[in-house]
2 protein chains.
Amino acid sequence: MWRMPKLADHEERRALIVAALLRIAASRGLHAASMRTVAAEAGVSVSTVQYYFHTKEQLLFAGLQHQAEAVGRRIDAGLEASATAGVRDRLYAWLVQLIPVDEQQRASYTVFAAYHALALTDPALAELSYTRGSGELENVLRALLADAQQAGELSSARDVGAEAGNLLALATGLADSVMANMRGAEAAIALLHYQLDQLFDA
Amino acid sequence: MWRMPKLADHEERRALIVAALLRIAASRGLHAASMRTVAAEAGVSVSTVQYYFHTKEQLLFAGLQHQAEAVGRRIDAGLEASATAGVRDRLYAWLVQLIPVDEQQRASYTVFAAYHALALTDPALAELSYTRGSGELENVLRALLADAQQAGELSSARDVGAEAGNLLALATGLADSVMANMRGAEAAIALLHYQLDQLFDA
DNA sequence: GACCGTACAGTACAGTCGTACCATCAAAGC
DNA sequence: GCTTTGATGGTACGACTGTACTGTACGGTC
C-alpha cells in the first residue's frame with residue numbers, strides 16, 4: 001500500500017476532497033454527499049475528510065466557494081477570448097457562458113441549483129453565496145453596454161442599467177429552461193441571439 | 001381528547017399532511033421534511049402519514065403536484081382578472097405572477113427551487129415536474145403575442161415564438177434575482193415593464 | 001350483538017448520519 | 001536513536017432516518 005508523503009500539501013488535499021464532493025453533488029445530488037460518501041469518492045478515510053474540514057458545514061462552504069470560483073473563471077475566460085471583437089460579440093461571448101451546452105456545464109449548474117435551494121432556507125449559506133459578487137456580473141454587463149452606447153453601436157434611447165439586468169435575467173432563465181429540458185442548448189443560444197439582434201439592430 | 005370521525009375524508013387529510021410538508025419545505029428546507037417532522041407539523045402520528053402516503057417518495061410527489069397546481073391556479077387567476085384589458089396589460093398580468101412579491105410567493109418559490117434541484121438528480125421527479133405542462137406556459141404566451149400581432153399592437157417583424165420564450169425566461173430569471181436578494185420585487189417589476197415597453201413601443 | 005374494515009397511535013428495527021476518540025505510522029528535530 | 005508532531009485509519013456513540021409491525025377504538029353491516 002502506497003502512503004502519502006508526510007508533510008502533505010493541504011491545498012491539494014482539500015481540492016481533492018472538494019472535487020469528490022462536487023462530483024457526488026452533480027451526479028447524485030447534494031443530499032447524497034455525506035462525510036462517508038465523499039470520503040469514499042475521494043478515496044480517503046472519513047477521518048481525513050474531518051482532518052481537512054473539521055465539520056460538514058465547512059466542507060459544504062468550501063464546495064460552494066470552489067464552484068463559484070470555477071464559474072467566475074470560465075466566464076472571464078469567455079470574455080477575454082473575445083477581447084478584440086465588437087461589443088455585441090463580446091456581450092454574446094459573455095452571456096453564452098451561462099447556457100449549459102455540455103455535460104460539464106450541466107453538472108456545474110446542477111450543483112449550483114442545489115446550493116441555491118439550500119441557501120433559501122439557510123441564512124449562513126445565503127450570506128456566503130449572495131453578498132459575494134452577485135451584483136458584479138450585472139456591472140460587467142452594464143459596462144459593456146455603456147461602451148456600446150458610446151461607440152454608437154447601441155441606441156442611446158436604451159437604458160443600459162435595465163438592459164444589463166434583463167440580459168442577465170434572460171440568460172439565467174434560458175439556462176433554467178435548458179436544464180428543465182424545455183429546449184436544447186442550441187435553441188436557447190438562438191433565442192439569445194434573437195434578443196441581441198433586437199437590442200442592436202433597432 | 002377529541003377524535004376524528006371514523007370514515008375520514010381522504011382528500012382533506014391528504015391535503016392537511018401535504019400542507020404540513022410544504023410549510024416545512026418552505027421554512028426549513030425540503031431536507032428537513034422527514035416522516036416525523038411532517039407528522040408533527042400536521043399534528044398527526046407517523047402512522048397516519050404512512051396510511052395516506054405509503055412511502056416518502058409518494059409524499060414528496062404529492063407535495064410537488066400540489067405546489068404545481070397552486071402556482072397554475074394563481075397564474076390563471078391573474079390572467080382572468082385582466083381578461084378585458086389590452087394584450088400588453090394581459091401579458092404583464094400573466095408574467096408578474098412569476099415574480100415573488102410577498103412572503104407567500106417567496107415560500108412558494110423556495111419549495112419549487114428545492115424540488116427543481118432535486119429533480120436534476122432524480123429521474124422520477126424530473127419526469128413528474130417537467131413533462132407536465134412546462135411548455136404549456138410558453139404556449140399561452142405565444143397565443144397572447146399572436147393576438148397582439150393580429151390586433152396591430154405588436155410589430156409583425158417580431159418572432160412571437162422567440163419573444164414568448166424570451167419573456168418567460170426573463171420572468172424566470174428576474175424571479176431568481178429577487179430570491180437571491182439581488183434586487184427587490186418592485187425593481188424586478190420595473191424591469192419587466194421596461195422590456196414590455198421595448199416590445200410594444202417599437 | 002357479533003363481526004369486519006377503517007383510521008389511527010405506538011413501537012421496533014436496521015441502517016445512516018455527523019462527530020469524537022484512539023491507534024498508528026512516517027517524517028522531522030534533537 | 002529517541003521523541004515529537006503531522007496525517008491518517010478504524011471505530012464507537014447517540015441521534016435520526018424510512019418503514020414494518022402490532023394493537024385498538026370506532027363506524028357500518030348483518
For this session: For DNA chain C, find the residues of residues 45-59 of chain B with a heavy-atom distance under 4.0 Å and give them by number; none if there aren't any.
Result: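 Heavy-atom contacts with DNA chain C come from B:Ser45, B:Ser47, B:Thr48, B:Tyr51, B:Tyr52.
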
Exercise. Using a heavy-atom distance cut-off of less than 4.0 Å, which residues of residues 24-41 of chain B contact DNA chain C?
Worked result: B:Arg36

Once you round it to whole Å, what is the distance between [atom2] of [N] and [atom1] of [X]?
X: A:Glu12; N: D:dA7; atom1: CD; atom2: P; answer: 12 Å
X: B:Phe61; N: D:dG18; atom1: CZ; atom2: P; answer: 15 Å
X: A:Asp9; N: D:dT8; atom1: CG; atom2: P; answer: 11 Å
X: A:Leu16; N: D:dA7; atom1: CG; atom2: C1'; answer: 14 Å

Exercise. Side chains of B:Tyr109 and B:Gln105: do they bring a donor and an acceptor to under 3.5 Å?
Worked result: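 Absent: no donor and acceptor within the cut-off.
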
Exercise. Are A:Glu163 and B:Tyr194 linked by a side-chain donor-acceptor pair shorter than 3.5 Å?
Worked result: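 A donor-acceptor contact under 3.5 Å links the two side chains.
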
Pairs involving [range], ordered by first then second residue, that meet salt bridge (Lys or Arg N to Asp or Glu O under 4.0 Å) (sequence neighbours left out):
range: residues 16-34 of chain A; answer: A:Arg23-A:Glu41
range: residues 97-108 of chain B; answer: none
range: residues 139-150 of chain A; answer: none

Problem set entry | Distance test, side-chain N/O of B:His10 to OP1/OP2 of C:dT6, below 4.0 Å |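 Checking C:dT6 against B:His10, no side-chain N or O comes under 4.0 Å of OP1 or OP2.
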
Problem set entry | Residue pair A:Leu199 / A:Leu145: nearest heavy atoms and the distance that separates them |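 Residues A:Leu199 and A:Leu145, closest heavy atoms: CD2-CD2, 4.1 Å.
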
Exercise. Of all heavy-atom pairs between A:Val44 and A:Val49, which one has the smallest distance, and what is that distance?
Worked result: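 So the two residues come closest at CG2-CG2, 4.0 Å.
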
Problem set entry | Partner residues of A:Asp122 under the side-chain contact (heavy atoms from CB on, under 4.5 Å) criterion, sequence neighbours left out |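 Testing A:Asp122 for side-chain contact (heavy atoms from CB on, under 4.5 Å), a comparison that skips the adjacent residues, returns A:Ala124, A:Leu125.
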
